[in-house]
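When a ligand or atom number is given, it counts from 1 through the structure's own listing order. What's counted below: heavy atoms across the whole structure, side chains too, no hydrogens, waters or symmetry copies. Worth saying up front: this structure is predicted, and the values here are computed from it rather than measured. Throughout, numbering of the chain's residues begins at 1 and tracks the sequence.
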Amino acid sequence: MFEDTASALLGVQGLQVTGVEAAPGGGIEVWVVTACAAARACPDCGTASDRVHETVVTRPRDVRRAGDAVDLRWVKYRRKCANQQCPRKTFTEWVPALPPRCRITARLREQAAHEIAGRGITPAEAARHAGISWPTAHEAFAARADGLLDQDPAPVAQLGIDEHRRGRARFAVDEQTGEYTLLADRWHTCFFDLGGQQGLLGQVQGRTADDAAYWLAGATPAWRDAIRVVCIDLCSIYASAARRMLPHATLTADLFHVVQLAVKAVGDVRRRVVRARYGRRGRSGDPEYGIKGLLVRNLEHLTGAQFTKILDTLDRDRYGQEIAAAWIGKEKLRDALNLRARMTGSTPCQRQIRDRLFTFYDWCAQHDDIPELITLARTISRWEDEIVAAVITGITNATSESLNRLAKLEARQAYGFRNPLNQRRRVRIACTRGYRRRSRTATRTWTRKVTGRKPDPGYQGETRFLEILPFQA
Ligand SMILES: [Zn+2]
């Protein structure tokens with residue numbers, strides 16, 4: 001308990017405020033004395049002593065008051081041990097908030113650790129604010145973070161696996177050949193909780209199938225058995241790791257990456273065709289260049305005028321029709337993906353999805369003179385089971401991507417990491433922050449149904465649009 005109001009306001013157990021003065025450089029000087037019976041006891045033998053050897057004044061660092069620095073002046077006694085047999089002759093008083101040889105209050109360390117772990121500022125910034133050194137702030141954070149991260153993750157039903165680049169790739173120029181050789185390209189494989197709130201579950205250095213399998217092997221068999229669905233982007237390495245370590249789980253492909261592939265194919269065709277037609281790369285003023293932004297949009301989000309513009313531009317000659325064929329291919333693929341429950345409101349059946357995928361393959365086969373479409377169709381057919389599973393379950397890797405963004409932000413704030421262990425620790429804390437925050441309040445989670453953008457009222461349904469294309473018959 002505190003002796004008086006001023007001591008209570010200071011709030012350090014065992015210290016009593018005797019005076020407060022304005023400090024010369026702003027802030028305040030707070031003079032305190034020891035007000036704790038236990039402080040009279042020798043730390044070695046425990047004998048209470050009243051014999052004062054000398055008086056010392058220490059200046060331990062403490063938290064700020066309303067933004068101003070607090071200059072703590074602790075007047076304390078060095079006492080003589082009353083026990084003749086004790087090897088220790090003298091000792092200075094100490095209180096739990098300021099153990100022997102400590103020059104920083106426990107609450108200041110705790111505050112620095114919380115600012116790094118809870119608020120996401122860097123150890124350098126936290127150290128500057130607290131007036132302590134970087135190693136001290138970092139050590140306080142590491143002690144706090146390791147305690148949180150060492151806990152085993154709760155069972156996860158939907159696991160996401162994604163890669164994350166650590167820093168940037170480094171190259172060196174070969175003296176003899178003048179060619180660039182890759183010196184270092186460092187990656188982390190990250191594991192995410194897609195269904196729950198646990199965020200980033202763990203990271204492992206490297207991005208081979210063995211690296212991913214190594215992390216999964218470290219989990220308990222019961223934890224692995226609880227995983228129902230594994231979501232990856234179109235990456236065969238992680239697919240083989242998941243098949244090896246989680247044979248019972250359904251593998252799904254992230255649909256964003258599937259559409260991304262199709263959009264890229266359309267862009268590739270457009271660039272190739274423009275080069276064939278003009279003998280140079282596209283530039284503003286070319287009709288094909290004018291619609292390149294429209295071609296990457298979802299068909300259902302085009303206005304009637306935009307749709308007509310695409311048709312008018314592409315229907316002009318065989319070059320345009322080649323781009324149109326790729327674009328229709330993309331939309332036919334999206335047709336299959338749009339069967340997911342988030343779009344239609346009901347879970348699709350497998351037959352339906354495979355039928356629409358077949359329509360896409362059929363379209364690609366009809367246009368086998370377009371190599372990009374053939375490559376796209378081959379890739380899609382290789383991942384067909386995973387894509388169908390993704391459409392049925394509606395599970396995406398969006399959480400992984402958003403957490404990857406957080407990881408990148410963390411690296412930027414730190415101006416890059418030199419120490420991979422520090423990086424993993426900081427990233428994991430950053431990516432599980434929301435989870436901890438929620439679990440502390442543990443009131444309720446608000447859910448909102450995501451319906452996407454409203455389609456244009458003039459829009460008649462994507463298949464209708466494709467049917468009226470003049471050159472399709
Ligand atoms: Zn003693």
Report yes or no: do [X] and [Y] form a side-chain donor-acceptor pair below 3.5 Å?
| X | Y | result |
| --- | --- | --- |
| Asn397 | Asp233 | no |
| Thr189 | Asp211 | no |
| Ser133 | Thr136 | yes |

Please list, in chain and residue-number order, the protein N/O/S atoms closer than 2.8 Å to the Zn ion (ligand 1).
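Hits for the Zn ion (ligand 1) below 2.8 Å: Cys42 SG, Cys45 SG, Cys81 SG, Cys86 SG.
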
Main-chain N/O of Asn419 paired with Asn422 side-chain donor or acceptor, under 3.5 Å
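No, the answer is negative, given that no donor and acceptor are paired below the 3.5 Å cut-off.
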
Gap separating the CD1 atom of Ile392 from the CZ atom of Arg340, nearest 0.5 angstrom:
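These two atoms lie 13.5 Å from each other.
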
Checking side chain to side chain contact (heavy atoms under 4.5 Å, CB included) against Ile380, which of Thr375, Leu234, Ile387 comes through?
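Of the listed residues Thr375, Leu234, Ile387, the side chain to side chain contact (heavy atoms under 4.5 Å, CB included) partner of Ile380 is Ile387.
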
